[in-house]
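Chain identifiers are assigned alphabetically (A, B, ...) following the order of the sequence lines, protein sequences preceding nucleic acid strands; residue numbering begins at 1 within each chain. Being a predicted model, the structure only gives us computed values, none of them experimental.
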2 protein chains.
Amino acid sequence: MANRAGVSIKTVSRVVNRQSNVSEATRKAVMEAVDALSYRPNVFARGLASERSFLIGLLYDNPSLSYAAALQIGVLARCREEGYHMIVESLDAQSPNLGSQVHSLVTESTLHGVILTPPLCDMPAAIDALNRARTPFVRIAPEKPLANSSDVRIDDHKAAYDMTAYLIGLGHKRIGFIKGHPDHGAANARFEGYRAALAHAGLPLIEELCVQGFFSYLSGMEAGERLLSLKKRPTAIFASNDDMAAAVLAASQRFNLKIPQQLSVAGFDDSFVAQVVWPRLTTCRQPIKEMAEAAVSMLIQKTAEDGPMERRLDHELIVRESTAPPTS
Amino acid sequence: MANRAGVSIKTVSRVVNRQSNVSEATRKAVMEAVDALSYRPNVFARGLASERSFLIGLLYDNPSLSYAAALQIGVLARCREEGYHMIVESLDAQSPNLGSQVHSLVTESTLHGVILTPPLCDMPAAIDALNRARTPFVRIAPEKPLANSSDVRIDDHKAAYDMTAYLIGLGHKRIGFIKGHPDHGAANARFEGYRAALAHAGLPLIEELCVQGFFSYLSGMEAGERLLSLKKRPTAIFASNDDMAAAVLAASQRFNLKIPQQLSVAGFDDSFVAQVVWPRLTTCRQPIKEMAEAAVSMLIQKTAEDGPMERRLDHELIVRESTAPPTS
DNA sequence: TTGTACGCGTTATCAA
DNA sequence: TTGATAACGCGTACAA
């Protein structure tokens, strides 16, 4: 114990926890001892004795690794600043016992808070379990706001609207759309944004130009091939994420289409692949790291019962080489 | 407590920990109660009372997100099977107080074991700290074996040798090589493998064809541009990982080079990008997920003091569309 | 095969 | 402002 090295007994606790009621003199003495012995309060003892576990749970079931990885960077950064740790779990959103899995998880570890990523954030079973365990959570990019629940998101509707409007502004009239995974709220919002932009420009929504994808590269490939096999193919394709857009790029190679001369391709997320494929993707940047940081901050501040908060961050249209005016 | 619901008191502990000395009858009774009350032993109480924390730490400082992400999938899978949890921390390998950071981390959390990824696995400060805290650890793809330390790896030397030999077999004689980050042991092993294959084929090692990269896309881009600007440019380029190989693909676009007709490109890892770029990359598959699983298994088995183990997994040459015989 | 007492390192409560 | 003491929920050692 540092108390021996210092002067007092478990006033150490007060110092470590930055409580008041400590004289500057003893505080200093304790801090020195802490440094000298490189003392660190044991996480388990803390967790056991108090409510505070200093553990943030990141729960995900996401086909896109890059999305989850980017999220983690933000979570880790904030955790480090605040002396928290991140524990990550992958769950199957479709599992019938998702609820009990989540419940086990949080009661087992008495997590300080949980970050729910899509599509988990829209699973009633998960949310119920969290509420039951009285564990604070914040949802990332959920389908719709929920009473008594915090979330952080971008305006997916507007983002997709902006992208579509940009393509229309380029002169495109036949714009294909590859939808995202139907379980993800953001996917639907993006499709609605696309529709709204078409409508606003007086362009018809053409059924055969809207095909279902699932955010995965493979699904993007299939969707892309279907769109490019059309008798009247689109002059531009807007995919709901970058992985699928990259797949469209690959598919267009098979059809011997020059990008962007014969086909414009746009993605969403501005993930790593967007900058790695050739031509680089025009896309919509989602500030994933910042979203993660905001989520952690909300969880930590939540010590006081402030009620649910919502935080909406800005997206950004990133124009690169995969889009251009149609040639015809 | 489930004991009330069941019959006995803390025989629950025995059942939960799968100890012997429990009659089938009581075991069943307890299990039912456990299910009924959805009881979960508290991680903190366990960690405090025993040595076992059921927490595996994954420590990384890796420029490549995809590598870390792939690793996590494997770790998570094994953890789930064994009832462990994964806590991940990102560290700065260059930080002067890396040692104390690692030390804090493990003493704070009494981690059951730690997985050290490159380049952390070759940092004496980190290893010392772990030894000091008497925390078991296994190193992924370290530079060289260490006394008293477990590791899991592939044979990077042979893998690079195989790839180089494949390119030579195709007829290439001027094969550029983009090195990986010098802090990563695997990077050096790969370069040596490349050299050995050249030597074995009686081909000279041409200085200007070997350029330094750092595993990042950007560094691959710069290295690629340098190689392609050469008066006598190589007919093939072998990059130490896929991110850099993808960058070479992009760079070759600027030079108006057709892949693979005018330039063959090979990568390493078989990461997501390898299949997403066009043409898809010929690469060397590293079973990252399996390596991670093996690492966790070693950590968990290590309950008994078996001494250090080494595990070497197989690599696999994956030939795709980015390589072909030279045209000249 | 099962139960009892004790302690793990910290925080919380209440006195001093 | 500080210090004693009792939890926190479990595992371990030993007794029954």
Side-chain angles (χ1 to χ4, degrees), chain A residues 1-31 33-34 37-55 83-85 103-112 133-135 303, chain B residues 1-34 37-55 83-85 103-112 133-135 303-304:
Chain A
M1 281 302 168
N3 52 336
R4 183 165 43 79
V7 237
S8 48
I9 314 205
K10 280 152 190 177
T11 316
V12 177
S13 175
R14 295 194 230 268
V15 175
V16 171
N17 291 329
R18 292 173 192 167
Q19 294 179 3
S20 39
N21 302 351
V22 180
S23 77
E24 205 38 50
T26 50
R27 146 168 265 115
K28 257 191 181 169
V30 172
M31 285 308 264
V34 164
L37 286 69
S38 73
Y39 161 84
R40 302 260 97 189
N42 182 292
V43 168
F44 298 113
R46 249 142 81 120
L48 190 53
S50 72
E51 297 299 289
R52 318 189 63 192
S53 71
F54 294 91
L55 248 37
Y84 282 63
H85 298 285
H103 187 78
S104 305
L105 207 60
V106 295
T107 57
E108 220 172 328
S109 309
T110 347
L111 297 176
H112 177 94
R134 311 182 128 272
T135 301
T303 304
Chain B
M1 284 299 171
N3 53 336
R4 185 165 43 79
V7 237
S8 48
I9 312 207
K10 280 158 190 177
T11 315
V12 178
S13 176
R14 297 194 227 270
V15 175
V16 171
N17 290 332
R18 292 174 193 166
Q19 295 179 2
S20 39
N21 302 351
V22 180
S23 77
E24 207 36 53
T26 49
R27 147 166 263 115
K28 257 190 181 169
V30 171
M31 287 308 265
E32 274 175 27
V34 165
L37 286 70
S38 71
Y39 162 84
R40 301 261 98 190
N42 181 294
V43 168
F44 300 113
R46 291 226 292 200
L48 231 204
S50 72
E51 297 300 288
R52 320 189 62 193
S53 71
F54 295 91
L55 247 37
Y84 282 64
H85 298 285
H103 187 77
S104 306
L105 206 59
V106 295
T107 58
E108 221 172 328
S109 310
T110 347
L111 297 177
H112 176 94
R134 311 182 131 272
T135 301
T303 304

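Rounding to whole angstrom units, CG of residue B:N17 and C1' of D:dT12 are separated by 11 Å. B:N42 places its CG atom 14 Å from the C1' atom of C:dT10, with the value rounded to the nearest Å. Taking atom CZ on B:R14 and atom P on D:dA13, their separation rounds to 12 Å, with Å as the unit. Note: CD (A:E108) to P (D:dC8) measures 20 Å, nearest angstrom. Between A:R27 atom CZ and D:dT2 atom P the separation is 10 Å, expressed in whole Å. Between B:R46 atom CZ and D:dT12 atom C1' there is a gap of 14 Å when expressed in whole angstrom units. Whole-Å rounding puts the A:F54 CZ to D:dC8 C1' distance at 15 Å.
Each end of the helix from C:dT1-D:dA16 to C:dA16-D:dT1 gets its own axis, taken as the rotation carrying the C1' atoms of four end pairs onto the next four within a five-pair window, and the two axes meet at 30° to the nearest 10 degrees.
The aromatic ring centres of A:Y84 and A:H112 sit less than 6.0 Å apart.
Residue A:R40 is classed as a sugar-phosphate contact, given heavy-atom separations below 4.0 Å to backbone atoms only.
Contact annotation: B:S23 side-chain N/O to C:dT2 OP1/OP2 distance is under 4.0 Å. Residue B:S13 has a polar side-chain atom (N or O) positioned under 4.0 Å from OP1 or OP2 of D:dG11.
Both B:F44 and B:Q19 lie near DNA chain D, and the one whose nearest nucleotide falls closer to the 5' end is B:F44. In terms of position on DNA chain C, the residue among B:L48 and A:V16 whose nearest nucleotide sits closer to the 5' end is B:L48.
Partners of B:L105 according to the side chain to side chain contact (heavy atoms under 4.5 Å, CB included) rule, which considers only residues two or more places apart in sequence or in another chain, are A:H85, B:L59, B:E89. Under the rule for a side chain to side chain contact (heavy atoms under 4.5 Å, CB included), the partners of A:S50 that lie at least two apart in sequence or sit in another chain are A:R52. For A:R40, the side chain to side chain contact (heavy atoms under 4.5 Å, CB included) partners two or more places apart in sequence, or in a different chain, are B:S104, B:T107, B:E108. Under the rule for a side chain to side chain contact (heavy atoms under 4.5 Å, CB included), B:A49 has no partner lying at least two apart in sequence or in another chain.
Closest to the A:T26 side chain, of the nucleotides D:dC8, D:dT2, C:dC8, is D:dT2. Of the candidates C:dT10, D:dC10, C:dT11, the closest approach to any side-chain atom of A:S50 belongs to C:dT11.
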Inset, instruction - In sequence, state the C-alpha distance, the side-chain angles, and the governing distance for A:S23 and A:T26, and then conclude on side chain to side chain contact (heavy atoms under 4.5 Å, CB included). - result: CA-CA 6 Å; A:S23 77; A:T26 50; 2.9 Å; yes
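Taking the ring centre of A:F44 as origin, the terminal cationic atom of B:R46 falls outside the region bounded by 6.0 Å and 45° from the ring axis.
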